[in-house]
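The structure appears below as C-alpha cells.
What's counted below: heavy atoms across the whole structure, side chains too, no hydrogens, waters or symmetry copies. First the proteins, then the strands, lettered A, B, ... as listed; each starts at 1.
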Amino acid sequence: MSAYTNGARIQSHHTVVAIVENKPGVLMRVASLFRRRGFNIESLTVGHSEEEGLSRLTLVVDGESAPVEQVEKQLYKLIDVVKVSDLSHEDMLARELAMIKVRCNNVNRHELLDIANVFRADVVDIATNSVILQVVGDESKIDGLTKMCEPYGIKEIARTGRVAMVRGAKTTTVHEAEPEKIARIHASQGRRVEGALPFSSD
Amino acid sequence: MARMTGAQMTLDSLQREGVDTIFGYPGGVVLPLYDTLPQFPGIRHVLCRHEQGAAHMADGYARASGRMGVCLGTSGPGATNLVTGICTSWMDSTPVFALTGNVARTLLGKDGFQEADITGITQPITKHNYLVMNAREIPLTIREAVHIATTGRPGPVLVDIPKDVFQETDEFDWPEQVRLRGYKPTVEGHAGMIKRAAELIDQAKRPIVIAGHGVIWADAHRELIEFAEKAGVPVITTFLGIGAFPESHPLSYGWLGMHGMYYANMAADGADVVIGIGMRFDDRAMGRFKDFNPTAKIVHIDIDPAEIGKNFPTAVPIVGSAKNVLPKLTEQVKQQPRKEWVRWIDQVREEHPSRDVRESRHMLPQYVMRTLYDETSGDATIVTGVGQHQMWAGQHYFYKRPRQLITSGGLGTMGFELPAAIGAQIAVPGQETWAICGDGSFQMTLQEMAVLVDEQLPIKMAIFNNGYLGMIRQWQQLFYDQNYSSCGISQPDFCKLADAYGIRAIRVETKAEVPLAIREARAHKGPILLDFQIDQEENVWPMVPAGAALSETIEAPEAELAR
Ligand SMILES: Cc1ncc(C[n+]2csc(CCOP(=O)(O)OP(=O)(O)O)c2C)c(N)n1
Ligand SMILES: [Mg+2]
C-alpha cells in the first residue's frame, strides 16, 4: 500500500464498495482473487454494515492494473459477496483516519501543535519527546499533514485506508434479511464452536 | 426431526439431492462415513485407486450425464490428491461435489496428523467451498453446495468435514429452500440486448456462431439448431463445444483453434459478426487476441457476466442461459439463407479439407480414429487423454450429439481419459464408451484399470502408442530445433499389464489389423485394451503456432504428407 502522492495517480484509483457475508474466510477469498487476477489493492478496509450478518468492505483499486469492470464482476462471482458498487463516478465522500507519532520537545512542541490545528488534527497523546496526532480526511489532507511533520521526525504512522459513502439519499447497502432459521445456521457456518471439545486424533 | 450423526446427515442429504454414486477412497477421518455407508444402499460407492482418479470419475460422470458427480477423499493426502481433478472441473465448468474429511475440530490449525487446509488450497479452483464445524450445519451446507455447483455456470464445490463432526449427533433439519443473497444467476437475458443482437445479425453479411461448452450444459443444442437454420448462420464450435451442434448438419463447419479446421479458423477470421455462445474466447481457440479478426463485431451470450468483455470488447453483451436466450433471438431474427457466405466457406473447405485421412502404408493415428468412427457408426462416446491423440480424436471422429466427446480442454490434464471414461460409463451404462489414451497420458492413471474389473465396466481402451510424449515431440521438432529433450518415453508392455489386471488386450501392429481389432473389441463383452502401434512421428495439423493469429493457420508441409 502506498501513499497518495500526486493527483494523477489518484485519478486511476477506483473506490469499490463490496457488501459481503460476515463469514470466516471471506477476506481470504477477496484477497486471493485480487492476487490471482493481478489486481492491485491500494487499500482495503472492513467493518460491520448496518445489516446484521453483512460486512462492508471498501477497496481502493488501481485501475491501471485491471479494468474496474472486471474487478467488479470477478468480485461479484464470489458467493459471499452480495453487492458490489463502484463509487468512483458517484458524488461521494471518502475519508481516512491516520495516527501520526511525531518526535518533538519542549522547544518545538507548540509549533507542531499549531500545524495540527491548521489540519484540524487532534492531539491524542503527549509524552516528553513525542506526540500522537489523529487526523481524519481524504488522502491528500493526510499526506499534507505528514509532509509538514517530516522535518520534526516521524516515528510511526498508522492509516486506516479509505472508507466511502455516496452523498444524498442514494445508498450502496443491501436490505435482504434471511429467514430466521437460515440466518441462524449461516451465522454459525464454519465458525469455531465454543466450549471444550473431545480430543481425538485416531 | 430425526436425530442423526453427522455421517448420516451427510449421506442422507446427498441422497436427497439425487446422488446415486460416490467415487472415493477411505482414510482415518472419513471412517465414520464409511461405517455409515452400508445404511444407504441407494448410494453406490466406487473405490478408485488414487483420489485423482475419483475426481476425474466424478467429472466424467457429470460430463456424460449432465448430473452432478461426487468424489470423496480423506484428509491431508487424500484431499490434496483430489486437487488436479477439481481444477480440471473448474477450468471446464463441470458440476462436481468434492467431499473431504478433516482432522477433529480440536486439532484444526494445529498441524495434526494428516491435516491439510483443503478449503484454503481449493479456494481459487472451486466455485465455492465450505468447512463445516457443526453437524447441524450439514444439511443446509450440502443443499447450498449442490445448488451452487449445478446452477448458473456449473463448477466444482468442496465440503470439508472434520472427523468429530461426522460423529456428532444432532437434529437433522432439511431446509425447504436455498437462499443465497450473494448468488443469483441471470438466465433470461436482457430483452433490449437481445433485440440489438437480432438487428446486428440481420444486417450482417458474414455472421458466424462459435458455440461452446455452455451450449451443452444449458441443454440448448436444439435451440441452437433452430437459431442457425432460421438465421442461416454457419456454426463452428470450440473444442469443448464439440457435439453442441451436429457435425452432420449442413451449417456445421467443425471447430476452431490451435488444431481446429483450417476453414473454421478462416470463417471465424473472415466473419463480420461473431456470435459467441456459452464460450469464453479462450486463447487456444482464438489465437493471438490482438490480431483476431479486428473488424468483427462480437455478440457474446454467456451466463457468466465476468466472461463478457474479459478478452475482447463486445458489441452486444447478453448475460443469460443459451437455453433461454436463443429462442428469443430466433424469434426476432429474419430468415436469411446467406448463400454467398456459406459458399465462400465451402470453397475454403474444398481447398483445405483438414479432416481428410491421407493414404499411407503406415498405421496413421488419423486412420485409426476414422476407422473407429466407421466401425462404431459414429455412435460411441469418446473420452480422451491430453496430447496429439486428443486432437486426432477431435478431428477424425464426427460427433453428432452433446456429451459425446469428453475431454479436458481448459486444464489439459494428462491421465484424464481412463478415470473419466469410468465415470461416464457408470453414469450412462448402456453407452459404448472408448477411452482414447496416449501412451504417456495413460501411464498417469492406469491403476484405475482395477476399477474396470471391480465394477465390470465394458470400457474399450485404445492406446495411441507412438513411444513419445508426442505433443511435446511435435513442439520440440517445430519450435526447438528438433532438440528432443525428454520426450521419448518408455513403456511397459501394456498388453501384459492389462493381462495382470485380468483384462483382455490386443497389440495392433499393422494397418490391416486395425478394423479387425476394433471389431473384436466391440464384440467382447468386458473391458479390453487395444495397443495401437501407431506411426511414431506423425504431427497434428492444421496448427496455429503459439502466439500466432487464426489467420496464420498452417497446414501439413508437403514433406510430411509424402510419408
Ligand atoms: C499432467 C500433465 N503433465 C504434463 C502435460 C504436458 N503435456 C501435454 S501433451 C503431453 C504429451 C502427451 O503424451 P502422450 O500421452 O503420449 O500423448 P501423444 O501426444 O503422444 O498423443 C504433455 C507431457 C500435461 N498436459 N498434463
Ligand atoms: Mg504418445
Counting a contact as any heavy-atom pair under 4.5 Å apart, which residues of residues 131-144 of chain B contact chain A? B:Leu131, B:Met133, B:Asn134, B:Arg136, B:Glu137, B:Leu140, B:Thr141, B:Glu144
Take atom CE in A:Met92; do more than 12 heavy atoms of anything else shown fall under 6.0 Å from it? yes
Please check if the number of heavy atoms outside A:Met148 that lie under 6.0 Å from its CE is greater than 12. no
Residue part contacting chain A, namely of B:Pro124, when any heavy atom lies under 4.5 Å: both
Rounded to the nearest 0.5 Å, how far apart are OH of B:Tyr130 and CD1 of A:Ile79? 7.0 Å
Enclosure of A:Gln70 CD (heavy-atom neighbours >12, cutoff 6.0 Å): yes
Say whether, by atom type as modelled, one donor and one acceptor occur between the side chain of B:Gln123 and the main chain of A:Met28 under 3.5 angstrom. no
Do A:Glu21 and B:Arg181 meet the salt-bridge criterion of a basic N to acidic O distance under 4.0 Å? yes
Contacting moiety of A:Ile19, where chain B heavy atoms sit under 4.5 Å: neither
Side-chain ion pair, B:Glu307 and A:Lys73, N-O less than 4.0 Å: no
B:Arg284, CZ: over 12 other non-hydrogen atoms inside 6.0 angstrom: no
Are A:Lys77 and B:Pro305 close enough that some pair of their side-chain heavy atoms sits under 4.5 Å apart? no
So with a 6.0 Å cut-off around CZ of B:Arg3, is the heavy-atom count from everything else above 12? yes
Among B:Leu31, B:Leu180, B:Leu108, B:Thr119, which residue has the highest count of heavy-atom pairs closer than 4.5 Å to chain A? B:Leu108
Flag side-chain contact, heavy atom, 4.5 Å: B:His128 against A:Asp80: yes
Around A:Lys23, counting heavy atoms of other residues, nucleotides and ligands shown, do more than 12 lie under 6.0 Å from its NZ? yes
Would you find more than 12 non-hydrogen atoms of other residues, nucleotides or ligands less than 6.0 Å from A:Glu180 atom CD? no
Under 4.5 Å to a heavy atom of chain A? For B:Asn129 that would be both
A quick test of your reading: do over 12 heavy atoms of other residues, nucleotides or ligands sit less than 6.0 Å from OH of B:Tyr25? no
Among B:Gly182, B:Gly309, B:Gly109, residue most engaged with chain A (heavy-atom pairs, under 4.5 Å): B:Gly182
Quick check on A:Ala177 against chain B: is it the side chain, the backbone, both or neither that has a heavy atom closer than 4.5 Å? backbone
Chain B shares the most heavy-atom pairs under 4.5 Å, among A:Gln74, A:Glu69, A:Arg192, with A:Arg192
Region of A:Lys83 in contact with chain B, defined by heavy-atom distances below 4.5 Å: neither
Which atoms of A:Arg36 approach chain B - backbone, side chain, both or neither, heavy atom under 4.5 Å: side chain
Using non-hydrogen atoms and a 4.5 Å limit, figure out which bit of A:Gln189 sits close to chain B: side chain, backbone, both or neither. both
